[in-house]
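For this chain, numbers begin at 1 and follow the sequence in order.
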Amino acid sequence: MQLLLHFQSRVGRNGLPPFLARSQMRRPGRAAGDADEPSKPSDPDAPIVPRDPDRKPRWLGPIRVMGVFVACLMATSVVFSVAVVLRDPPTNGVPAEGGAREVTAPKATSSNEAASQTVEEKKNEFLGGLLAAGFDEGSCLSRYQSVLFRKESKHKPSSYLISRLRGYEALHKRCGPHSESYKRTLEMLKSGHPLGTSDCNYVVWISFSGLGNRILTLASAFLYALLTNRVLLVDPGVDMTDLFCEPFPEVSWFLPSDFPLKDQFNGLNQNSPHCYGKMLTSNSLSKLETPSFTYLHLVHDYNDHDKLFFCNEDQSFLQSIPWLIMRTDNYFVPSLFLIPSFEQELDNLFPERENVFHFLGQYLFHPTNSVWGLIRRYYQAYLAKADERIGIQIRVFDTGVGPFQHVLDQILACTVRENLLPRTIKEGSPEVSSLNRKSKAVLVTSLSPGYFERIRDIYWHYPTTTGEAVSIVQPSHEEYQQTEKGMHNRKAWAEMYLLSLTDVLITSSWSTFGYVAQGLGGLKPWILYKPENRTAPDPPCRRAMSMEPCFHAPPFYDCKARRGVDTGDLVPHVRHCEDMSWGLKLVNPHDN
């Protein structure tokens, strides 16, 4: 006890020995540096008492040594604690007190940690220059945040494409809705005849068909506008403004509500007097009297005269018409590559042919904030933590009540044969250790919940041969397509986009829903062959030649020879589709 009291008297109130404490507090009658010297007399003439040469210094005593040792331990503990705190600061991935764990969106790299934005990330934010800067970020969050959810693409837009897009944006600003040029050209439309030469020409896209078709045809119409120096104006229909942000700076791409012909859109068809095919058959076209507008009927049921739109001579004539009104449910881009006057420009825009919709889709189609919220929340909740994300898009054309066993068998056969999902172990077999095994999240999209439930139960009831954890999720099951319903289309757009964020994709034949997902994501999917006679095909699927969509109803006509021809055998970069033998799609010749 006496030793302890003596130690406390030496250490002091603040827990430090005197030789440390005196740097912070002066004792009465001593200077800051006189810790171990006897006090000097205040009288300068007082005699100096000499130090005893046989006396040991006080700071070498055992108690002092013990105090130094304890103080060092205390200081070391404090330094270690501070270092740990500074090394591992709290992040958004740490569960909040009393709340759930917040999962942040993964970066384009393998790390999920948010990093400060570097120059390279800033460049990637605008997709390598594909997107223009200067938008209000809050008005369209997906334009700026989508890069956080995707791996960095190996596909880079050509400098010529970037230049042409900036040029188009300038044209759209000069000629877009409510501009002086727009008003002058509108007067030509109202008069029924061109009033001199117009400095702005237009192609008006009519909102038509299901959402997947609309996305593909709108991209086709934009490329046509780019090739012909026209301004694209979009009929908003019932929900386009709810689904897509504005893609061009400052000026809207949506057709004004007071457009003079808008009330006639529903009545325009192949028999309309302004239909291009009808005008050809009735010989009502005269190069001396150019009409103020022409209706282009490019729907799947179009006739041979409508298909002359894809001939070089007809394109030369159409160039003189200020207003082209277009209705289509086809991704007609492959046939644009067969028009000689467009060939060189397309070569410059897309040196890699399979990138057309990938770049145009990423440039044009940004989900509105309401749709982006659906995408972001679902991804963070169900997909973000997985080591690998697999999308399965199921479209069934059979009539009757599903799920159909042959469709389920085909899906499972494809995933196992192509090593996309692990096999399962039969009941009673020894289970493989799952320590340090990867996890796979499978995103199923289908109008029916049946396939999701059956696949989920398989991977719930039985372990995998690899020990991998496989989770199966499905955002919605609407039972049947409801094209005109707003929430149905918001969910459909969200699910297409979620599929595009996966690492591996399986799609159904003939489905534009799958085409959009693969194009946006830059993915070459495994395509499920269309079943015949309710029997699972063998093989069940095949890898796509390219990520480009299929043109389902192309023309088979040689404009020069004026006879039928196989348009899938004219040039090496236009081939027949894997899922539709008569369809056309773009490919990279050196990849096939």
Student: Is any side-chain N of the basic residue among Arg184 and Asp199 closer than 4.0 Å to the acidic one's carboxylate O?
Tutor: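 Salt bridge between Arg184 and Asp199, a charged N being under 4.0 Å from a carboxylate O: yes.
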Student: Considering residues, nucleotides and ligands other than Asn369, do more than 12 of their heavy atoms fall under 6.0 Å from its CG?
Tutor: yes
Student: Pair Tyr295, His297 - check side-chain hydrogen bond (donor to acceptor under 3.5 Å, both in side chains), show working.
Tutor: CA-CA 6 Å; Tyr295 167 63; His297 187 83; 2.8 Å; yes
Student: Looking at Arg562, I'd like to know if its CZ atom is crowded, meaning that more than 12 non-hydrogen atoms belonging to other residues, nucleotides or ligands lie closer than 6.0 Å.
Tutor: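 No - once you tally the heavy atoms of other residues, nucleotides and ligands closer than 6.0 Å, there are 12 at most.
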Student: Which side chain to side chain donor-acceptor pair (under 3.5 Å) pairs, counting each pair once, include a residue from residues 512-527, with sequence neighbours left out?
Tutor: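 Side chain to side chain donor-acceptor pair (under 3.5 Å) check on residues 512-527 returns Asn213-Thr512, Glu418-Trp526, Tyr515-His552, Tyr515-Asp579.
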Student: Looking at Arg164 and Glu345, is there a salt bridge between them, counting it only when a charged N and a carboxylate O are closer than 4.0 Å?
Tutor: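 A salt bridge links Glu345 with Arg164.
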Student: Charged N to carboxylate O below 4.0 Å: is that the case for Arg166 and Glu169?
Tutor: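 Judged by the 4.0 Å cut-off on N to carboxylate O distance, Arg166 and Glu169 do form a salt bridge.
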Student: Between Arg214 and Asp239, is the closest basic N to carboxylate O distance under 4.0 Å?
Tutor: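 Counted as a salt bridge, because a side-chain N and a carboxylate O are separated by less than 4.0 Å.
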Student: Look at Lys173 together with Glu250 and state whether they make a salt bridge at an N to O cut-off of under 4.0 Å.
Tutor: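 Looking at Lys173 and Glu250, the cut-off is met.
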Student: Do Lys530 and Asp398 meet the salt-bridge criterion of a basic N to acidic O distance under 4.0 Å?
Tutor: no
Student: Does this structure show an ion pair linking Lys585 with Glu578, if we count only N-O contacts that are shorter than 4.0 Å?
Tutor: yes
Student: If the threshold is 4.0 Å, N to carboxylate O, is there a salt bridge linking Asp347 and Arg353?
Tutor: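 Yes, this pair counts.
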Student: Using the ring pair (Phe, Tyr, Trp, His ring centres under 6.0 Å) rule, collect all pairs that involve residues 203-243, keeping only residues at least two apart or in two chains.
Tutor: Tyr168-Phe222, Phe222-Phe248, Phe222-Tyr363, Tyr224-Phe309
Student: Does the side chain of Val371 reach to within under 4.5 Å of the side chain of Tyr497, using non-hydrogen atoms?
Tutor: no
Student: Would Ser207 and Asp235 count as a side-chain hydrogen bond (donor to acceptor under 3.5 Å, both in side chains) here? Give the steps.
Tutor: CA-CA 6 Å; Ser207 183; Asp235 168 25; 4.9 Å; no
Student: Can you sort out the partners of His305 under ring pair (Phe, Tyr, Trp, His ring centres under 6.0 Å), two or more places apart, ordered by chain and number?
Tutor: none
Student: Would you say Met279 and Thr294 make side-chain contact, with heavy atoms under 4.5 Å?
Tutor: yes
